[in-house]
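To start, the structure itself, in structure tokens.
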Amino acid sequence: MTDFTKELTKTLMEGKSLDEVFRHHLEKALNELLRTELSVFLDYEKYDRKGFNSGNSRNGKYERTIKSRFGELNVSIPRDRNGEFQNRTLPPYRRHDDTLETTIIHLYQKGVTTAEIADLIEKMYGHNYSKQTVSNLTRIMQEHVEAFRKRSLQKRYSVIYLDATRLPLRRDTVEQEAVYMAVGITLTGHKELL
């Protein structure tokens, strides 16, 4: 049994959450991956004689906290003396993974308002997203929304509900406008936003 397996077993036996175990090992793996990536970039291992007078060498690291679904990860990103190293593991300036954003976009596609999404995310995850942030996240996925609109619909539905909600929409100015929604229930009982 590896240390990871032992740790998992112990955590399960004690009835604790596995998130901390995964968070710890993910953090460890990311840091090791970043160090290895710098070694590959420089073409020598740390303290290797090959690196002396090579023209570029290690130059410390900087800390970054990344929010993941398992909790906050403390990552040490290594630097090189010439400033040429760009890691491929973590995108620049990224502070979190995109599972939360994916959830927000799916909710938006299903017709949930941005205010409701912001409130729901704060209750579920503790992240405080403003309505504007939710709008910015959904704008990124505009192509997926267009594909959703152009998809083919089924020929028959058991029931179709029509509803509207008034939302503040920004065009030249911000005005309340009615947004109409149609929800169809398929013959197998599944709901689809039409």
Side-chain angles (χ1 to χ4, degrees), residues 1-48 51 54-110 112-145:
M1 258 207 233
T2 64
D3 290 337
F4 180 66
T5 310
K6 288 177 186 173
E7 208 171 327
L8 277 177
T9 306
K10 181 181 175 187
T11 305
L12 286 172
M13 297 299 281
E14 293 173 353
K16 295 180 181 175
S17 173
L18 292 176
D19 285 352
E20 179 56 29
V21 175
F22 288 129
R23 189 204 66 74
H24 172 71
H25 285 281
L26 181 60
E27 180 179 276
K28 207 163 121 178
L30 274 174
N31 283 319
E32 183 62 35
L33 186 59
L34 288 165
R35 284 191 297 268
T36 304
E37 202 173 337
L38 181 63
S39 293
V40 169
F41 174 78
L42 293 173
D43 197 30
Y44 65 88
E45 293 296 321
K46 192 172 185 178
Y47 306 120
D48 191 354
S54 65
N56 197 3
S57 59
R58 287 168 171 74
N59 190 28
K61 60 190 174 198
Y62 63 94
E63 304 295 322
R64 186 189 293 177
T65 302
I66 298 174
K67 293 177 182 158
S68 75
R69 59 180 280 212
F70 301 113
E72 289 191 353
L73 305 173
N74 297 313
V75 180
S76 299
I77 300 175
R79 296 184 293 217
D80 68 314
R81 182 83 49 198
N82 295 344
E84 298 167 350
F85 173 65
Q86 297 291 325
N87 78 79
R88 304 214 188 281
T89 305
L90 299 172
Y93 311 110
R94 191 118 189 224
R95 301 283 180 182
H96 49 83
D97 65 1
D98 61 350
T99 54
L100 191 56
E101 286 79 2
T102 305
T103 303
I104 290 170
I105 289 161
H106 285 299
L107 288 171
Y108 189 78
Q109 286 177 338
K110 298 290 184 189
V112 180
T113 66
T114 55
E116 290 170 336
I117 291 171
D119 187 42
L120 182 68
I121 295 300
E122 185 171 2
K123 287 178 185 173
M124 287 174 56
Y125 296 102
H127 294 288
N128 187 8
Y129 279 159
S130 67
K131 292 183 277 187
Q132 182 61 41
T133 303
V134 172
S135 295
N136 291 341
L137 290 170
T138 55
R139 191 177 312 129
I140 294 168
M141 296 300 290
Q142 191 62 34
E143 295 155 12
H144 293 288
V145 173

Open item on the list: As an exercise, state the distance from CD of Glu37 to CD of Gln86, rounded to the nearest 0.5 Å.
Closed with: 10.0 Å
Task: Sequence-distant partners of Glu27, salt bridge (Lys or Arg N to Asp or Glu O under 4.0 Å), two or more places apart - done: Arg23
- [ ] Can you measure from CZ (Arg64) to CD (Glu72) and round to the nearest 0.5 angstrom?
- [x] 13.5 Å
TODO: State, yes or no, whether a side-chain contact exists between Phe85 and Arg79 at a heavy-atom distance under 4.5 Å.
DONE: no
Open item on the list: Distance check, rounded to the nearest 0.5 Å: Asn31 atom CG versus Thr36 atom OG1?
Closed with: 10.5 Å
Task: Set of residues satisfying side-chain contact (heavy atoms from CB on, under 4.5 Å) with respect to Asn56, sequence neighbours excluded - done: Phe41, Leu42, Asp80, Arg81, Asn82, Glu84
Open item on the list: Would you compute the distance between atom OG of Ser39 and atom CG of Leu34 and round it to the nearest 0.5 angstrom?
Closed with: 11.0 Å
- [ ] For residues Thr65 and Val75, determine if any side-chain heavy atom of one lies less than 4.5 Å from a side-chain heavy atom of the other.
- [x] no
TODO: State, without any angle test, whether Ser76 and Glu63 hold a side-chain donor-acceptor pair at a distance under 3.5 Å.
DONE: yes
Task: Student check: side-chain heavy atoms of Ile77 and Lys61 closer than 4.5 Å - done: no
